[in-house]
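On a predicted model such as this, the values are computed, not experimentally measured, just so you know.
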Amino acid sequence: QVELVESGGGLVQPGGSLRLSCVGSGRSIFSIFAMGWYRQAPRKQRELVANITSGGTIDYADSVKGRFTISRDNAKNTVYLQMNSLKPEDTAVYYCYADGVVDHLGVDNYWGQGTQVIVSS
């Protein structure tokens, strides 16, 4: 079983910064194709924030371009999201995901439990 553990959420003032981390743990993870972050605000659908493949291809939602930076450490099965110039509309639960996780049982996709980000003065 693979588990994604997120950290780094919290309360921050508008204009501030936070860094989210997500570590994939489990026996014999051989590779992970893509990792990234979705978010879900109250009464809204879950939306893609940023995605990065093992080869380094990156996609961002238009709403976070120029403010958020996604990065990844393939050797540690870890993905990061540096969030700068945060706005109240960034308030949401942020979910880490991993697509194409290859381990000794095969290939599967996983989600983290979510970490709350609140941007408020």
Side-chain angles (χ1 to χ4, degrees):
Q1 180 68 21
V2 173
E3 184 179 14
L4 300 180
V5 179
E6 301 131 326
S7 61
L11 173 64
V12 64
Q13 293 186 341
S17 298
L18 283 175
R19 189 189 194 215
L20 305 183
S21 299
C22 172
V23 181
S25 63
R27 293 185 297 176
S28 303
I29 294 177
F30 300 134
S31 64
I32 302 175
F33 172 66
M35 299 186 78
W37 299 88
Y38 275 75
R39 68 185 179 186
Q40 187 165 18
R43 298 175 297 281
K44 292 188 176 181
Q45 288 189 330
R46 191 174 294 191
E47 63 174 357
L48 175 68
V49 177
N51 178 80
I52 182 168
T53 69
S54 56
T57 300
I58 292 174
D59 292 298
Y60 292 106
D62 288 342
S63 59
V64 307
K65 285 180 181 177
R67 300 188 298 121
F68 291 10
T69 301
I70 190 170
S71 60
R72 178 174 170 173
D73 186 331
N74 290 330
K76 296 181 179 179
N77 298 322
T78 301
V79 64
Y80 307 96
L81 186 68
Q82 178 66 44
M83 305 187 292
N84 299 329
S85 302
L86 282 160
K87 304 175 181 180
E89 51 264 43
D90 294 317
T91 295
V93 177
Y94 285 70
Y95 296 91
C96 172
Y97 69 89
D99 285 347
V101 180
V102 181
D103 64 10
H104 66 291
L105 295 178
V107 185
D108 210 336
N109 304 323
Y110 296 91
W111 286 90
Q113 296 281 9
T115 185
Q116 178 75 58
V117 171
I118 299 174
V119 184
S120 175
S121 55

query: At their closest point, which heavy atom of Thr91 faces which heavy atom of Ala41, and how far apart are they?
result: O-CB, 3.6 Å
message: If I take atom CD1 from residue Ile29 and atom NE2 from residue His104, how far apart are they, to the nearest 0.5 angstrom?
response: 10.5 Å
message: Under a 3.5 Å distance rule, please check whether Asp59 uses its side chain to pair with a backbone N or O of Ala50 as donor and acceptor.
response: no
Partner residues of Ser17 under the side chain to side chain contact (heavy atoms under 4.5 Å, CB included) criterion, sequence neighbours left out: Gln82, Asn84
query: Under 4.5 Å between side-chain heavy atoms, hopping through other hydrophobics if needed: is there a path connecting Tyr110 to Leu81?
result: yes
- prompt: With no hydrogens and no angle check, is any side-chain donor or acceptor of Gln116 less than 3.5 Å from a backbone partner on Ala92?
  reply: yes
field: Interatomic distance, Met83 atom CE to Arg19 atom CZ [nearest 0.5 angstrom]
entry: 11.5 Å
message: For residues 33-64, which residue pairs pass the disulfide (SG to SG under 2.5 Å) check, not counting sequence neighbours?
response: none
query: Is any side-chain heavy atom of Val2 less than 4.5 Å from a side-chain heavy atom of Asp108?
result: no
Side-chain hydrophobic cluster, 4.5 Å single linkage: members besides Val102: Phe30, Val107
task: Could you list all the disulfide (SG to SG under 2.5 Å) pairs where at least one residue sits in residues 21-121, not counting sequence neighbours?
output: Cys22-Cys96
statement: Smallest heavy-atom separation, Leu18 atom then Val117 atom, equals CD1-CG1, 3.9 Å
message: Taking Val64 as the starting point, is it possible to reach Ile118 by hopping between hydrophobic residues whose side chains are less than 4.5 Å apart?
response: no
- prompt: What residues join Trp111 in its hydrophobic cluster, counting side-chain heavy atom gaps under 4.5 Å, either direct or through other members?
  reply: Tyr38, Leu48, Val93, Tyr95, Tyr97
- prompt: What residue pairs, at least two apart or across chains, pass salt bridge (charged side-chain N to carboxylate O under 4.0 Å, His left out) with a residue in residues 88-102?
  reply: Arg39-Asp90, Arg67-Asp90
- request: Check which hydrophobic residues are tied to Val5 through side-chain heavy-atom contacts below 4.5 Å, counting indirect links as well, and list them.
  value: none
- prompt: Got a sec, which pairs hit ring-ring contact (aromatic ring centres under 6.0 Å, His included) with one end in residues 60-89, sequence neighbours left out?
  reply: none
task: Give a yes or no on whether the backbone of Asp103 and the side-chain of Ser28 come within a donor-acceptor separation of less than 3.5 Å.
output: no
Distance (rounded to the nearest 0.5 Å) between Thr53 OG1 and Ile32 CD1: 12.5 Å
- prompt: With no hydrogens and no angle check, is any side-chain donor or acceptor of Gln113 less than 3.5 Å from a backbone partner on Glu6?
  reply: no
query: Looking at CZ of Phe33 and CG of Asn109, how far apart are the two atoms once the value is rounded to the nearest 0.5 Å?
result: 11.0 Å
Ser121: side chain to side chain contact (heavy atoms under 4.5 Å, CB included) partners, not counting sequence neighbours: Pro14
query: Closest approach of Ala34 and Asn51, non-hydrogen atoms and distance?
result: CB-OD1, 3.7 Å
- prompt: For Lys44, what residues pass the side-chain hydrogen bond (donor to acceptor under 3.5 Å, both in side chains) criterion, not counting sequence neighbours?
  reply: none
field: Between CD1 on residue Ile70 and CD1 on residue Ile52, distance to nearest 0.5 Å
entry: 5.5 Å
task: Please lay out, stage by stage, how Thr115 and Ser7 fare under the test side-chain contact (heavy atoms from CB on, under 4.5 Å).
output: CA-CA 7 Å; Thr115 185; Ser7 61; over 6 Å; no
Salt bridge (charged side-chain N to carboxylate O under 4.0 Å, His left out) contacts touching residues 69-81 (sequence neighbours left out): none
